[in-house]
Every structure is written in C-alpha cells, then in structure tokens.
Amino acid sequence: MTEPVAKKHKSNKTPTTDGPIVLQAKDGSRCRCLYILQKKNRQCNMTRRKSDKYCAQHKVEMGENSGKRKRIPCPLDPRHTVMEDQVERHLQKCSALVQVPTDAWYRPDYNLPGHIDTSLSDKNKATDSDNNAETDESGEASKKEVDFKKWYSKLERFYNEHLAKIEPEPLVLKHKGIEHRLEQLENPKHAIQQGSLIGHMERAGILTSFDNVVIEFGCGRGELSRYVNQAQFISKHEGKPRVGDKSRKFLMIDRAGHRMKFDTKLLKDFHEFVTDEEKQQEIGEPVVERIKIDIKDIDLAKALELKFPTLAATEDKTVSAISKHLCGCATDLTLQCLFNSTRTRKGSDADAADAAKPALRGVVIALCCRQLCNYESYPLAGRAFLAEHGIATSPEEFRTLAKITSWAICSRRPDADPTSRNHPSGLSLEEREQVGLWARRCVDYGRVHSLREAGMEADLYQYVGKEVSLENVVLVAK
C-alpha cells in the first residue's frame, strides 16, 4: 500500500495530528476506516472499531498496532496482515498458498508442444518480460542489439509474398439471440463482440449439435458461455425456444478463481426463457462444470470423461472450443490441448489410437496479446512454418517477432508525432504500426497452419470493426 500523502480535499475532510488527511465519520453512520487511499482518492471502505481510527489493515501501516494482540504481515504475502497468534492457522488457508492439484486430469506441462532442443540453454526459454535479453557467463542479463530495419524488410517481403492475398476478411456477424442485450446497454461494445462471435460459432456449426460440449478456455467469469446459452433459447422471431432444442453441456476452464461468476446464471436463464415445465423436462437444464487449472496442465480427455460420464457412451461425441480474447500463449496452449485430447481428423484420416477421443467440432477464439506468446508454447507446425520462411528460426528471433506485434496497436499516443523516428527501432510511428501488423499476421497464420496440418479447415476473420476493438481478429476452425 502506498504511503498516504497530505493533499488538499474538500471542506468535509479534516486533517488529524498524526499524518494523513482523513474523513470524519458522520454521526449514525457505519464506522469506516479513516485512511485515504491515495491512488483511488477515496476513503477506505473497511469497517473500524469505534475506538480506532483505522481498520485492522491500515492500523499496521499507520503505526497504531498496539494492544495485547498485534497484526503482522502475512509470511506468504506481505500485502495483507494477520493476527500474530493466528499465523499458523492462517497459513493453512491463505489464498497465496500454492497447492499442488490432486485432480485426475492434472498433468504438469502436458500441453506444452514439445521442449526446446537440449542444445539450447535455459536463457532461450521465452519470457515476455525480457524479449531481447540474453544471459552472459556470470548470469547477468545483457541487452542484445536487434536490427529492426532488417526485420522490417524481412516481414514486408514475407507478408507481400504469402499473406497479403489472404488478409483476414471483414465478416461482422450478428445473432438474433443477443439483440435484447444490445438494447439494454449504454456501451454495447462487448455485446457486439459476443454477438459476432456467436454468429461465427453458428456459421462454423458449433451450435448445431446438442450433444456437443462447449468448452470456454480462459473463461474468466464465464460471460461468453452465458450468452451462448441465452442465444440458444431465444427464438429468432418469437423469443421462445425452438422446437427440438436441447440444453448444452458447458465446461469452463481458467487458472484463476473469479468472483461473481456467471455459472449459476446459465441455469436461471434457462428457467426464464423456457417457462413451460413439460418443455423444461424435455430439454433438460444446461450442465455447467468449471475447472480451475492452467491450460498447460490439463488432460482434457480425462476431464471430459470424469465431468461428463454420459459423454463416453455417446457414439457421436463432440466438443467445441470457444474464447473471447484468449491472451498470448494461452491460445497456443489451447490448440495443443485440443490436439492432445480430441480427434481433429475425420473418417479414414483419423488414427486408430484417437478413436476413443471426442471429435473436435469447431474452434472460435478471438485473439489478442501476441506479444505474450512464447516459443516454448507455440505450436510445432507453426514453428516449422515460420522457420521455413526465415521469419523465426530460433527462440530469440521468435521473442523479437512477438515483441514487434505490440507495435500494431500500442505505439500511437494522442501527442505522438507520426513522422518522428525517436524510437529504439529507428522507425517512424506509421512504419512501426505497419511492421507490427505484419508480425501479428505471421503469428496468427502459424496457428492457422497448425490447425490445417491437423486436418481442420481454419481461417482468420475480422469479426468486429476497429472502432469496437483493436483486437478484432478471430480464429475459426471446423
């Protein structure tokens, strides 16, 4: 927590004699902590004792930690405090405690698409925080010079020769099942994106099979799954469920534990849109499961087997993968997860060993944050694709490529001079945006190539305009 700094406030804010500017508690109101949060420019909202000025957290910071029982910083995470006599008990349940999962589907690094050659040292393992750093013999990080003008020429040549003719087609779709939401929102940009993504799902055939398990990777609170569920039960014309509709199965995967999740709302929406009890029994409630795990560590086939036991008995068992803005390497880990645990080839092209796996019906993933991609998680076929064309022949070159991708949308500022070359690359703002776009396409089409090599039809589309989101490209496979 940042130390409070005295600053001018309105007349209802009165300084105390011991440091910060605080708010006086109003008569009859809840006794709020009188600490001023400098970053948020507001009073702390925690409750304090009547005899104290500050809450338990800020008493420590303000040096008022007196009395028989004292609070101390948590040994695992000093950003919060705990009673000194309760440390042992707290450590057993602290949210900062890293617990090794014991679930049957937990397999460490299962979805990393192969390891870097043993001839490469640990310094070559990609990390976004140090894209151009390499380690010398003493272990100290040193900056490596990058010839960005050479990269400009290389990416321009490759783009013009191979990618310019297949630039993602603008294809902004809508779905009738989400129009009611557009009318309710003052800022509908997220609903517009969700509507277009659901339209692409329907176009790719993801929403046509009712035995299909819809898996939302990097789901967060599960908002996209909720509106996929809503769109299913809202008729295109009358606001009633279509005849023959059946409830879906949803599996949500995220490594973080989020508050205010939408999981239960899928069931509430079902009862709101399907009011007839006979119809409810005929369709059945949606089945919603959630797994908290890193995508790189999940055996998806095992998770599906245990979470949806009836799926194994289904002859035509299929799954689909969806996500809205799946950051950086999470997209690549998702693709490898699907390659490991599902059948991507059809008919005689499928391997006998894959016969027991569910078939992959489709993929709809809105892409973002290519600068967070790393060589270790990038698909093997994608690596070969880029290396074949001389774009990224080593982990170092891939890190540089990933860094350049951020220039496409992160270089422009309101006061920026588009002609200035006052940048480490020596390129102007317009040149950086252009080369950043070329780099993004290289990364994206490496993923497309990987899906095609796995036997799927894959393409990129601009699913919304840039005025809605600069991250407006979706990866669609079927």
Side-chain angles (χ1 to χ4, degrees), residues 111-113 125-133 151 155 163 168 189-190 193-194 196-197 200 216-224 252-256 258 294-296 321-338 363-379 382-383 386 391-392 395-413 425 432-451 458 460-477:
N111 295 317
L112 284 179
K125 290 186 178 180
T127 57
D128 179 65
S129 60
D130 193 14
N131 282 317
N132 291 325
W151 271 94
L155 290 172
L163 304 182
K189 69 174 187 176
H190 290 296
Q193 294 175 67
Q194 291 159 355
S196 184
L197 290 175
H200 278 280
E216 184 178 357
F217 289 88
C219 64
R221 295 191 298 154
E223 187 172 359
L224 181 58
M252 303 184 190
I253 299 174
D254 200 290
R255 67 180 181 180
H258 294 270
D294 194 308
I295 297 172
K296 75 179 179 65
I322 66 172
S323 187
K324 177 176 177 286
H325 290 162
L326 191 59
C327 277
C329 61
T331 294
D332 303 319
L333 293 170
T334 294
L335 296 183
Q336 189 61 39
C337 175
L338 296 172
V363 177
V364 174
I365 297 176
L367 306 173
C368 77
C369 303
R370 284 80 166 175
Q371 71 273 15
L372 298 181
C373 294
N374 62 51
Y375 188 82
E376 196 171 25
S377 62
Y378 197 67
R383 294 184 206 174
L386 296 179
I391 298 301
E396 292 91 344
E397 287 194 351
F398 187 88
R399 289 200 294 274
T400 302
L401 177 69
K403 179 177 182 178
I404 292 174
T405 62
S406 67
W407 296 352
I409 60 173
C410 299
S411 294
R412 190 171 292 274
R413 299 290 184 273
S425 67
R432 294 200 304 275
E433 288 181 336
Q434 185 60 71
V435 74
L437 177 63
W438 296 336
R440 285 159 68 93
R441 294 295 177 261
C442 289
V443 172
D444 291 346
Y445 274 104
R447 293 161 167 168
V448 170
H449 179 75
S450 299
L451 284 163
L460 300 172
Y461 299 97
Q462 296 181 41
Y463 72 100
V464 291
K466 288 186 176 181
E467 71 282 358
V468 176
S469 174
L470 293 175
E471 297 284 13
N472 66 337
V473 174
V474 62
L475 173 64
V476 179

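In this structure, CD1 in Ile409 is found 10.0 Å from CD in Glu433, a value given to the nearest 0.5 Å. Going from atom CG of Leu367 over to atom CG of Leu475 covers 5.5 Å, rounded to the nearest 0.5 Å. Taking CG of Leu451 as the start and CG of Leu335 as the end, the distance is 5.0 Å to the nearest 0.5 Å. Taking OH from Tyr378 and CG from Leu386, the interatomic distance works out to 4.5 Å, rounded to the nearest 0.5 Å. Rounding to the nearest 0.5 Å places CD of Gln371 at 11.0 Å from SG of Cys329. In this structure, CD in Glu216 is found 9.0 Å from CD in Glu223, a value given to the nearest 0.5 Å.
A donor-acceptor pair under 3.5 Å links the side-chain atoms of Ser450 to the main chain of Gly446, judged by distance alone. For Asp332 (side chain) and Ser377 (main-chain N/O), no donor-acceptor pair under 3.5 Å exists by modelled atom type. Distance alone, capped at 3.5 Å, is enough to place a donor-acceptor pair between the Arg383 side chain and the Tyr375 backbone. Side chain of Gln462 to backbone of Pro168: a donor-acceptor contact under 3.5 angstrom is found. Formation of a donor-acceptor pair under 3.5 Å by the Ser196 side chain with backbone atoms of Val464 is not found in this model. With hydrogens and angles ignored, the 3.5 Å screen pairs a side-chain donor or acceptor of Asp254 with a backbone N or O of Cys219.
Between Thr334 and Ser323, every side-chain heavy-atom pair lies at or beyond the 4.5 Å cut-off. Counting heavy atoms from C-beta outward, Ser425 and Trp407 have side chains that approach closer than 4.5 Å. Residues Arg447 and Val363 fail the side-chain proximity criterion, which asks for heavy atoms closer than 4.5 Å. Here the side chains of Leu401 and Val443 are in contact, with some heavy-atom distance below 4.5 Å.
Heavy-atom minimum distance, Lys189 versus Val468: O-CG1, 3.7 Å. Considering all non-hydrogen atoms of both residues, Ala439 and Ile404 come closest at CB-CG2, 3.8 Å. Summarising the geometry of Cys337 relative to Asn111, their closest heavy-atom pair is CA-OD1, 3.3 Å, with the distance given to 0.1 Å. Across Ile295 and Ala330, no two heavy atoms sit closer than the pair CD1-O, 4.1 Å. Pro113 and Gln336 get closest at one heavy-atom pair: CB-OE1, 3.2 Å. The shortest heavy-atom contact between Leu326 and Gly218 is CD1-CA, 3.8 Å.
For His325, the side-chain contact (heavy atoms from CB on, under 4.5 Å) partners are Gln193, Ala366, Cys368, Tyr463, Ser469, Glu471, not counting sequence neighbours. The ring pair (Phe, Tyr, Trp, His ring centres under 6.0 Å) check on Tyr461 picks up His200, with sequence neighbours excluded. In terms of the salt bridge (Lys or Arg N to Asp or Glu O under 4.0 Å) criterion, residue partners of Asp294 (sequence neighbours excluded) are, by chain and number, Arg255.
Among the candidates Ile365, Leu372, Asp444, the single residue satisfying the side-chain contact (heavy atoms from CB on, under 4.5 Å) test with Thr331 is Ile365.
Crowding of His190 atom NE2: a count of heavy atoms from other residues, nucleotides or ligands under 6.0 Å not exceeding 12.
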